[in-house]
Asker: 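My questions all concern the structure below.
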Amino acid sequence: MVSPNEVRRLVRFSEKKALISVKEGNKNLRIELLAGDAFEKELRNYITKWFDLNRDLNPFYDQLNNSSLSYMTKDFYGLRMVGIPDLFEAICWCIIGQQINLNFAYKIKRRFVEAYGDKLSYEGVDFYTFPQPEQLSMVTMNDLKEMQFSRQKADYILTLAKTFIQGGIDQDSLSSRTSVERKSELLKLKGVGEWTANYVLMKTFGEMGSIPFGDIGLFKALENHQIITDRKDRKKIEQFFESFPGWGGYLTLYLWRSLANSDSSAL
DNA sequence: GGCCAGGACTCAA
DNA sequence: TTGAGTCATGGC
């Protein structure tokens, strides 16, 4: 649940679940455990990763100020990458969002989460965790198709869940690998192409040098800023990103943000 | 009503 | 390795 100055979310910590509230404080965030169970340290770590709080954005702003996008340091000041700490969730979300408009993607995701996630009701509102791979073990193609997944996407998701259950991919072991190894492991998964792999590196593993090439929104923003004229001109895009070494992910985030002041697609 | 969405896969040449 | 076809449906 997101309201103007508070975010509530049901989060899973191994076997425990916790409904947490994050509010804007004076100069910091106020975290509250509304229901469930969690250690303070777990909460702190989770929130830090979720909102990418440990990152010093000043080097990025220096680079922006040296570019044609310097207005962003003012207009979007303080905007941080909202991560997806759970790997399975991140990949599923990418698959759902592939090639369909975001509103529709949100709808499908909601149906999926409400059907298979764990529920906790608080103050009359139902909160859900994102389903774990094990919670999908009995789910069929038809179940997902009824939620308006395409056949391909239903297949990707169910295959992905199986791969997780069988240990074919593991977030902890991936964390200790190099970026290149991580990406090649991700690309082995059915339904994961370059766009998804880079998106996951950025959102889950905090690799801010990773850029979701091929992203429609990114193309649009680059065109709007007269940085490219041809979407197939990958060289030109790479050249532009080269002036932001290590910050390609944030640059993408800020470019997404520039697309729409009225929606939340940047998140 | 047509075209495009935060892509990825298959198959042909 | 490049390009066209396919998936599926909502939103404008």
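To find a chain, count down the sequence lines: A is the first, B the second, and so on, and within it residues start at 1.
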Asker: How about NZ on A:Lys162, more than 12 heavy atoms from neighbouring residues, nucleotides or ligands closer than 6.0 Å, or not?
Answerer: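 No.
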
Asker: For A:Arg231, check side-chain contact (heavy atoms from CB on, under 4.5 Å) against everything at least two apart and list the hits.
Answerer: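 A:Arg231 satisfies side-chain contact (heavy atoms from CB on, under 4.5 Å) with A:Ile216, A:Phe219, A:Lys220, A:Glu223 only.
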
Asker: To the nearest Å, give me how far apart CD (A:Gln99) and P (C:dG11) are.
Answerer: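 Taking CD of A:Gln99 and P of C:dG11, I get 16 Å after rounding.
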
Asker: Could you note down all residue pairs passing side chain to side chain donor-acceptor pair (under 3.5 Å) where residues 19-38 of chain A supplies at least one of them, sequence neighbours left out?
Answerer: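 Sorted pair list: A:Glu6-A:Ser21.
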
Asker: What closest approach, in Å, do A:Phe104 and A:Asn101 show between heavy atoms, and which atom pair accounts for it?
Answerer: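 Smallest interatomic distance, heavy atoms only, reads N-OD1, 2.9 Å.
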
Asker: How many Å lie between CD1 on A:Ile157 and P on B:dC9, as a whole number?
Answerer: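 Taking CD1 of A:Ile157 and P of B:dC9, I get 13 Å after rounding.
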
Asker: Answer with yes or no whether A:Gln98 presents, from its side chain, a donor or acceptor under 3.5 Å of a partner atom in the base of B:dA8.
Answerer: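 Check fails, no donor-acceptor contact within cut-off.
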
Asker: Classify the nucleic acid contact of A:Tyr156 as base, sugar-phosphate or nothing, counting any heavy atom under 4.0 Å across all strands shown.
Answerer: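 The residue A:Tyr156 makes sugar-phosphate contact but no base contact.
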
Asker: Record whether the side chain of A:Asn101 comes under 3.5 Å of the base of C:dG10 through a donor-acceptor pair of N or O atoms.
Answerer: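 Yes, the side chain and the base share a sub-3.5 Å donor-acceptor pair.
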
Asker: Within the 4.0 Å heavy-atom criterion, would you say A:Leu189 contacts the bases, only the backbone, or no part of the nucleic acid?
Answerer: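 It contacts sugar-phosphate atoms only.
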
Asker: Among all residues two or more places apart in sequence or in another chain, which pass the side-chain contact (heavy atoms from CB on, under 4.5 Å) test with A:Asn45?
Answerer: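 In terms of side-chain contact (heavy atoms from CB on, under 4.5 Å), with neighbours along the sequence ignored, A:Asn45 is linked to A:Lys41.
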
Asker: Nearest to the side chain of A:Ser150 - C:dG11, B:dA8, C:dC7?
Answerer: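 The answer is C:dC7, which lies nearest to the side chain.
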
Asker: Among the nucleotides C:dT9, C:dC7, B:dA8, which one has an atom lying closest to any side-chain atom of A:Gln152?
Answerer: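 Per side-chain heavy atoms of A:Gln152, the pick is C:dC7.
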
Asker: Quick one: list whatever passes salt bridge (charged side-chain N to carboxylate O under 4.0 Å, His left out) with A:Glu40, sequence neighbours left out.
Answerer: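 By the salt bridge (charged side-chain N to carboxylate O under 4.0 Å, His left out) rule, A:Glu40 matches A:Arg44.
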
Asker: In terms of the nearest nucleotide of DNA chain C, which residue is placed more toward the 5' end: A:Lys232 or A:Asn103?
Answerer: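 This one resolves to A:Lys232.
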
Asker: Would you say A:Gln148 places a side-chain N or O within less than 4.0 Å of OP1 or OP2 belonging to C:dG10?
Answerer: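 So the side-chain polar atoms of A:Gln148 do come within 4.0 Å of the phosphate oxygens OP1 or OP2 of C:dG10, strictly under.
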
Asker: May I have the distance from A:Phe104 (atom CZ) to C:dC12 (atom P), rounded to whole angstrom?
Answerer: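 Answer to the nearest Å: 14 Å.
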
Asker: Would you mind reading off the distance between A:Asp155 atom CG and C:dC7 atom C1', rounded to a whole angstrom?
Answerer: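 Nearest whole value for this atom pair: 12 Å.
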
Asker: Which is more 5' along DNA chain C, the nucleotide nearest A:Lys107 or the one nearest A:Ile100? Just name the residue.
Answerer: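 Its nucleotide being nearer the 5' end, the pick is A:Ile100.
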
Asker: Of all residues at least two apart in sequence or in a different chain, which pass the salt bridge (charged side-chain N to carboxylate O under 4.0 Å, His left out) check with A:Glu146?
Answerer: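 Partners of A:Glu146 by the salt bridge (charged side-chain N to carboxylate O under 4.0 Å, His left out) criterion come out as none, since no residue qualifies.
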
Asker: Please state how far atom CG in A:Leu186 lies from atom C1' in B:dG7, giving the value in whole angstrom units.
Answerer: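 Rounded to whole Å, this separation is 15 Å.
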
Asker: Near DNA chain B, under 4.0 Å by heavy atom, which residues of residues 204-225 of chain A?
Answerer: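 Nucleic-acid contacts, sorted: A:Gly214, A:Asp215, A:Ile216, A:Lys220.
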
Asker: Give A:Lys153 one of three labels, base, sugar-phosphate or nothing, depending on what nucleic acid heavy atoms sit under 4.0 Å from its own.
Answerer: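 Contact class for A:Lys153: none.
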
